[in-house]
Number of protein chains: 2
Amino acid sequence: MAERILIIEDESKIARFLELELKHEGYEVEIAYDGRSGLERAEKNDIDLIILDLMLPLMSGIEVCRRIRKFSDVPIIMLTAKDDISDKVTGLDSGADDYVTKPFAIEELLARIRVALKRRAMSTRDTNSETITSGKLVLNKLQHKVTYDGEEVFLSKKEYDLLLYLMENKGIVLDREKLIENVWGYDFIGDTNVTDVYIRYLRSKIDQKYGVSFIKTIRGVGYIFEDQAEN
Amino acid sequence: MAERILIIEDESKIARFLELELKHEGYEVEIAYDGRSGLERAEKNDIDLIILDLMLPLMSGIEVCRRIRKFSDVPIIMLTAKDDISDKVTGLDSGADDYVTKPFAIEELLARIRVALKRRAMSTRDTNSETITSGKLVLNKLQHKVTYDGEEVFLSKKEYDLLLYLMENKGIVLDREKLIENVWGYDFIGDTNVTDVYIRYLRSKIDQKYGVSFIKTIRGVGYIFEDQAEN
DNA sequence: TCGTTTTTTTAAAAAAATGTTGAATCATCT
DNA sequence: AGATGATTCAACATTTTTTTAAAAAAACGA
């Protein structure tokens, strides 16, 4: 499974060059040409490393970096055209793992990529494997906690259990019977709309509050949790 | 509890300059003036970060780096005088975390040091250290003592054991069963709320007394010890 | 569009979990 | 044995969560 690298870079010449080189090294490559779309792409959270230009249209590299850090520890390598130390410093302090100054030698960048990926591979085995992410929404099983954009979302146990089950099965429609069985743990007698009520609680605490829509209704069937960034 | 930084650098002017700057930032600093003695010093394994010159007498920086990596994951930042890419690349691939090209701006180096230390702090789940710290709260295993802001907190044995277990697993939710098993050392029969009571004791001696909240309740699950600074 | 079905929303009752307290028990030291 | 402090237990108070039920709204099919 090749590592997937996201390049966020507005100069298409550089982006293209990087793409070729990285593909040649066996990485999968995706490109975003401005800060905002780069951030959006990153929110799908299936990227292994990000190469991020400091100077970007729509949203600066620093800002992109800062926002990504709210939901992800993905390694970020900054590219900076200037030789301005203060930029480098803010870049690093805003959460980047490393940076490379343009013009750069591709070999150096490749070495830094290897280091960053290796480091992540070493540290990944503890806390991060216990987390389910969808865009800015992060569910941490160890902490039994959910955050959106870094801000804690306070959920009751059932709410948490339900969200966990939904996120573990994201992209799959779950009918009420399945939800009851797996979250409540028993077959209900008669009809209760307890699932509906809890779906509502989750929506009001997440979807409504943050203006997103993770939980969709499939009429006549049940509910489905969908990744935000995928739409 | 300053971080200890080892400088391995033969040019005494640079070494001295670094020493001053780093001490000014509040780090503890040690210096070795050649590769071999630097390696020896590192073997004591009580260093938090190493600044390693590439060109050294007796043993090259690359070699020092490679050997240190055999027994330690301590962050290593390489200093290289040359602007030779191949050196940088070998440096990174030989296990260094980062490098800085001479002449360097001290601010840049400081930023990289901060990043490296922060990264290490995140991945270090210290289990074998003799002291566990969270903000102003310090638990010393050797002395079997707890202090808050330097002031001793008097705990009974069970209180201490419980706090120790909580702090060893900070950031992780622990249910009552786990607490009973690990602190009391037996499986309980029926239900007693002895854990609840002890949590209360700890809270009254720490959380309430100092107006903090280390121990949080996860309703329906258990308790969690959280770093004050986090979140 | 209208009637029907399904889902969403609301509110209040019921249940469950946790916090608090004081007294009983246990261990240790003198 | 008695004093002291630590630990456990049990009962009650408080808080929070869960469930229920029913009205309102929305979606759907004829």
Side-chain angles (χ1 to χ4, degrees), chain A residues 144-146 152-166 173-209 211-226, chain B residues 144-146 152-166 173-209 213-226:
Chain A
H144 214 270
K145 233 187 205 176
V146 176
E152 181 163 3
V153 179
F154 294 96
L155 299 179
S156 79
K157 182 162 155 35
K158 274 277 181 295
E159 290 164 356
Y160 173 90
D161 288 348
L162 177 58
L163 180 62
L164 173 62
Y165 185 63
L166 287 169
V173 181
L174 302 164
D175 57 39
R176 288 177 179 71
E177 200 182 338
K178 262 219 163 66
L179 292 175
I180 287 279
E181 254 177 58
N182 288 280
V183 179
W184 277 261
Y186 54 82
D187 295 315
F188 60 29
I189 328 117
D191 62 12
T192 107
N193 65 344
V194 65
T195 52
D196 303 42
V197 172
Y198 272 80
I199 290 288
R200 171 170 146 60
Y201 290 163
L202 284 182
R203 281 179 172 156
S204 76
K205 287 188 180 179
I206 300 172
D207 290 35
Q208 276 169 31
K209 186 162 180 193
V212 288
S213 75
F214 286 107
I215 303 173
K216 291 195 175 148
T217 305
I218 310 295
R219 202 156 226 271
V221 189
Y223 299 95
I224 187 173
F225 185 98
E226 284 186 342
Chain B
H144 214 269
K145 239 187 202 175
V146 177
E152 180 160 6
V153 179
F154 295 96
L155 298 179
S156 76
K157 182 166 168 2
K158 276 277 182 294
E159 289 166 355
Y160 174 88
D161 288 349
L162 177 57
L163 181 62
L164 173 62
Y165 185 62
L166 287 169
V173 180
L174 302 165
D175 56 38
R176 288 179 179 68
E177 201 181 337
K178 263 219 164 67
L179 292 174
I180 288 281
E181 252 176 61
N182 289 280
V183 179
W184 277 262
Y186 53 82
D187 294 314
F188 59 20
I189 329 115
D191 62 9
T192 113
N193 66 344
V194 63
T195 51
D196 301 40
V197 173
Y198 271 79
I199 289 288
R200 176 173 138 59
Y201 290 163
L202 284 181
R203 280 180 172 156
S204 74
K205 287 188 180 179
I206 301 172
D207 290 34
Q208 276 169 35
K209 186 164 179 191
S213 76
F214 286 105
I215 303 173
K216 288 193 177 148
T217 305
I218 310 293
R219 214 156 227 271
V221 188
Y223 298 94
I224 187 173
F225 185 98
E226 283 187 342

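To find a chain, count down the sequence lines: A is the first, B the second, and so on, and within it residues start at 1.
Rounding to whole angstrom units, CG of residue A/D196 and C1' of D/dA22 are separated by 14 Å. Between the C1' atom of D/dA6 and the CG atom of B/L202 lies a distance of 14 Å, rounded to the nearest Å. In this structure, B/N193 places its CG atom 10 Å from P of D/dA10, rounding to the nearest Å.
Side-chain nitrogen and oxygen atoms of B/Y223 include at least one within less than 4.0 Å of the OP1 or OP2 phosphate oxygen of C/dG19. Phosphate contact (OP1/OP2 of C/dT8, side-chain N/O of A/T217, threshold under 4.0 Å): present. Residue B/R200 places no side-chain N or O under 4.0 Å from the OP1 or OP2 atom of C/dT18.
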So which protein N/O to nucleotides 12-17 of chain D N/O distances come out below 3.5 Å?
unit_1, atom_1, unit_2, atom_2, d
D/dT15, O2, B/R219, NH2, 3.4

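Looking at residues two or more places apart in sequence or on another chain, you find a side chain to side chain donor-acceptor pair (under 3.5 Å) between A/K205 and A/E159.
Closest to the side chain of B/W184, from the set D/dA22, D/dT8, C/dA11, is D/dT8. When the nucleotides C/dT8, D/dT8, C/dG19 are ranked by their closest atom to the side chain of B/V194, D/dT8 comes out on top.
In this pair, B/F225 and B/F214 present their aromatic rings parallel. The plane angle is below 30°, not in the 30 to 60° band. Aromatic ring orientation, A/Y160 versus A/H144: parallel (interplanar angle below 30°, classes split at 30° and 60°).
The rotation axes computed at either terminus of the helix from C/dT1-D/dA30 to C/dT30-D/dA1 lie 30° apart, taking five pairs at each end and rounding to 10 degrees.
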